[in-house]
Visitor: 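Below is a structure I'd like to ask you about.
Reminder, nothing fancy here: chain letters follow the sequence lines and each chain counts from 1. All figures in this text were calculated on a predicted structure; none of them were measured in a lab.
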There are 2 protein chains.
Amino acid sequence: MDESLPEAATAAPAAAPSPAPPKGTVTQRAIDQIKAMIGEGRLEPGARLPTERDLASQLGISRSSMREAIRALTVLGVLEARHGSGIYVTQLEAGDLLETFGVVADLSRGPRLVELLEVRRILESTATALAAARITADQLAEVEKHLTAMNATDDPEEILSHDLAFHRVIAGAAGNETMAAILDGLSSRTFRARVWRGYQEEGAFERTRREHAAIHRALVAHDPEAARAAAAAHVGEVEEWLRAQLQP
Amino acid sequence: MDESLPEAATAAPAAAPSPAPPKGTVTQRAIDQIKAMIGEGRLEPGARLPTERDLASQLGISRSSMREAIRALTVLGVLEARHGSGIYVTQLEAGDLLETFGVVADLSRGPRLVELLEVRRILESTATALAAARITADQLAEVEKHLTAMNATDDPEEILSHDLAFHRVIAGAAGNETMAAILDGLSSRTFRARVWRGYQEEGAFERTRREHAAIHRALVAHDPEAARAAAAAHVGEVEEWLRAQLQP
DNA sequence: GGAGCGAAGTGGTCTGATAAATATTCCTGG
DNA sequence: CCAGGAATATTTATCAGACCACTTCGCTCC
């Protein structure tokens, strides 16, 4: 019967500064609080966090919930847990935080693949244009290395690998690490493997080779506009092919 | 002694297709396996997963570890847990998966903020150009609504809110949901609030107003090139200001 | 047939314990 | 005094079991 009154005696002992904003789950709150600590600068990149137990008691939650929060921030690339050592804030660099971008590419299908390629075309053409203006001799040599290696083999795996590296070096030469990291995610292995499985079976090898050569020529000539056009055409070819595939 | 030969007796009862690839933590493995299930189409968008308990025993791990895996995929926007109901795969649309993009903007500092603005400038200018060609009368009306509302108040909070909506409608009119979702992340509330705190104190209100008007004119005229230029200049202004701030 | 209720199912949280990897301390021998 | 290594302490990784909160659905009763 009537044994329990909703409110009453349970005056929480530790309701100090934060009047316990009861939004969402405790785990979500923990995630937000840790993010806030980093955002406000209370935790520098590379800093070591208190132990799981300390953090848990500090926020008034159980260790299980705290572990879920930590795990979530780990997959986001914000934290890094080292077994036996502790939990650390990553360097919060573009590569750390944008690694999850690959998940988007891996799980997207149908029309969204075309949209992703459109984004890649826009960013890649601009990045290649910037690279044409800024690329150094060393970087250019590396581009050539992957270009020749790509043309010297017939193994699709190896071609794909050098193709990815080819574009990665170019993106790096553009001087915008964030853009390079995004492009890396948009070119993730499984994403390209999926699209190219069919594309390369239509004799696209030769065309791809010519397009890469055009990009390389533009880089050598330090001609941003030619580089932009060549890169846009390169991605656009795949984009158009994929668009056609979706309307049988 | 010599009691242990590497292989031998422990013929696991359920070591059927996957010979237990012992890479990383069990939780990470669980994350990968669930991702694989979705990637291979064994789990459609919107589908309901087995219960935590079933999934855990199915993969041979404890419920705690399985919960961490689920939580991780939840913050990535891949899964959605409904208390008392079950765990479901999201629709895997751009908005779901790219929500995490906001944390990049929120946690970035210094030079990376400039890089993010550069990416935004590239995408936003292209999106605005596309919108100029494709925008409908209804969408144009909504753009105007936010434009006038923005100019009718002095409350920074309200201005920021309508500013975000202004660009969001334009991005939506460009017809690429993925690009719109990325731009949304690049314009997340806390990100812009941080940058604009200083920017708007330098009498940038009037300039911002003129830039928005220019974008709007280009949209009305359905002039992609003008729209591209206006949008690029708009973001570029903030970008340049921020770049200058970093070299005192 | 419909409204209300209650039991079963399911995610959310907590507690406690053990294993594994790492960090620290301290002892020993030169 | 110092170098090396073993014992010890710290910390994350994982597991197990319990209880609570919310949802769902079937059942009863009107």
Visitor: Which atom pairs, donor and acceptor, lie under 3.5 Å between side-chain atoms of residues 86-94 of chain A and protein residues at least two apart or in another chain?
Guide:
unit_1, atom_1, unit_2, atom_2, d
Y88(A), OH, S85(A), OG, 2.7
T90(A), OG1, G77(A), O, 3.0
T90(A), OG1, V78(A), O, 3.4
T90(A), OG1, L92(A), N, 3.1

Visitor: Just the rounded figure in Å: distance from C1' of dT11(D) to CD1 of I87(A).
Guide: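 Distance check: I87(A) CD1 to dT11(D) C1' gives 9 Å.
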
Visitor: Residues two or more places apart in sequence or in another chain: which of them pass ring pair (Phe, Tyr, Trp, His ring centres under 6.0 Å) with F191(B)?
Guide: none

Visitor: Consider only side-chain N and O atoms of Q139(B) and T136(B), and report whether a donor and an acceptor are under 3.5 Å apart.
Guide: yes

Visitor: Applying ring pair (Phe, Tyr, Trp, His ring centres under 6.0 Å) as the test, list every pair that has at least one member in residues 93-124 of chain A; sequence neighbours left out.
Guide: F101(A)-F101(B)

Visitor: For nucleotides 7-9 of chain D, which of its nitrogen or oxygen atoms have a protein nitrogen or oxygen under 3.5 Å away, and what is each distance?
Guide:
none

Visitor: Is there side-chain contact between L113(B) and L117(B), with heavy atoms separated by less than 4.5 Å?
Guide: no

Visitor: To the nearest angstrom, how far is Y88(A) atom OH from dT22(C) atom P?
Guide: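 Result: 11 Å.
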
Visitor: Measuring from atom CE of M150(B) to atom CG of L164(B), what distance do you get when rounded to the nearest 0.5 angstrom?
Guide: 9.5 Å

Visitor: Rounded to whole angstrom units, what separation is found between the CG atom of L73(B) and the P atom of dG11(C)?
Guide: 14 Å

Visitor: Grab the N/O contacts between the protein and nucleotides 13-16 of chain C below 3.5 Å, and write none if there aren't any.
Guide:
unit_1, atom_1, unit_2, atom_2, d
dT13(C), OP1, V26(A), N, 2.6
dT13(C), OP2, T27(A), OG1, 3.3
dC14(C), OP2, S62(A), N, 3.0
dC14(C), OP2, S62(A), OG, 3.0
dC14(C), OP2, S65(A), OG, 2.9
dT15(C), O4, S64(A), OG, 3.1

Visitor: Can you check whether A149(B)'s main-chain N or O pairs, donor with acceptor, with T153(B)'s side chain at less than 3.5 Å?
Guide: no

Visitor: Could you tell me the separation between the CE atom of M66(A) and the P atom of dT12(D), rounded to a whole number of Å?
Guide: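 Result: 11 Å.
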
Visitor: What pairs meet the salt bridge (Lys or Arg N to Asp or Glu O under 4.0 Å) rule with one or both residues in residues 171-192 of chain B, with sequence neighbours excluded?
Guide: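 Pairs touching residues 171-192 of chain B that pass the test: E157(B)-R189(B), D163(B)-R192(B), R168(B)-D184(B).
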
Visitor: Taking five pairs at each end of the helix from dG1(C)-dC30(D) to dG30(C)-dC1(D), what angle separates the two helix axes (nearest 10°)?
Guide: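 Computed angle between terminal axes is 10°.
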
Visitor: Kindly check if the number of other-residue, nucleotide or ligand heavy atoms within 6.0 Å of CD (E99(B)) is above 12?
Guide: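 No, not enclosed.
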
Visitor: Counting any heavy atom closer than 4.0 Å, what does I70(B) reach on the DNA or RNA strands: base, sugar-phosphate only, or nothing?
Guide: nothing

Visitor: Taking E68(A) for its side chain and T27(A) for its backbone only, find out whether a donor-acceptor pair lies under 3.5 Å.
Guide: no

Visitor: For S188(B), give me all partners under side-chain hydrogen bond (donor to acceptor under 3.5 Å, both in side chains), at least two apart in sequence or on another chain.
Guide: D106(B)

Visitor: With a 4.5 Å heavy-atom cut-off, do N176(A) and L130(A) have their side chains touching?
Guide: no

Visitor: For nucleotides 4-8 of chain C, give me every protein contact, N/O to N/O, under 3.5 Å, one pair per line with atom names.
Guide:
none

Visitor: Which residue pairs satisfy the salt bridge (Lys or Arg N to Asp or Glu O under 4.0 Å) criterion with at least one member in residues 39-61 of chain B, sequence neighbours excluded?
Guide: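 Residue pairs with at least one partner in residues 39-61 of chain B: E40(B)-R42(B), E52(B)-R63(B), E52(B)-R67(B).
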
Visitor: What pairs meet the ring pair (Phe, Tyr, Trp, His ring centres under 6.0 Å) rule with one or both residues in residues 158-184 of chain A, with sequence neighbours excluded?
Guide: H146(A)-H162(A), F166(A)-H212(A), H167(A)-H212(A), H167(A)-H234(A)

Visitor: Between the protein and nucleotides 20-23 of chain D, list the N/O to N/O atom pairs that are separated by less than 3.5 angstrom.
Guide:
unit_1, atom_1, unit_2, atom_2, d
dA21(D), N3, H83(B), NE2, 3.0

Visitor: May I ask you to check whether over 12 heavy atoms, not counting those of E144(B), lie within 6.0 Å of atom CD?
Guide: yes

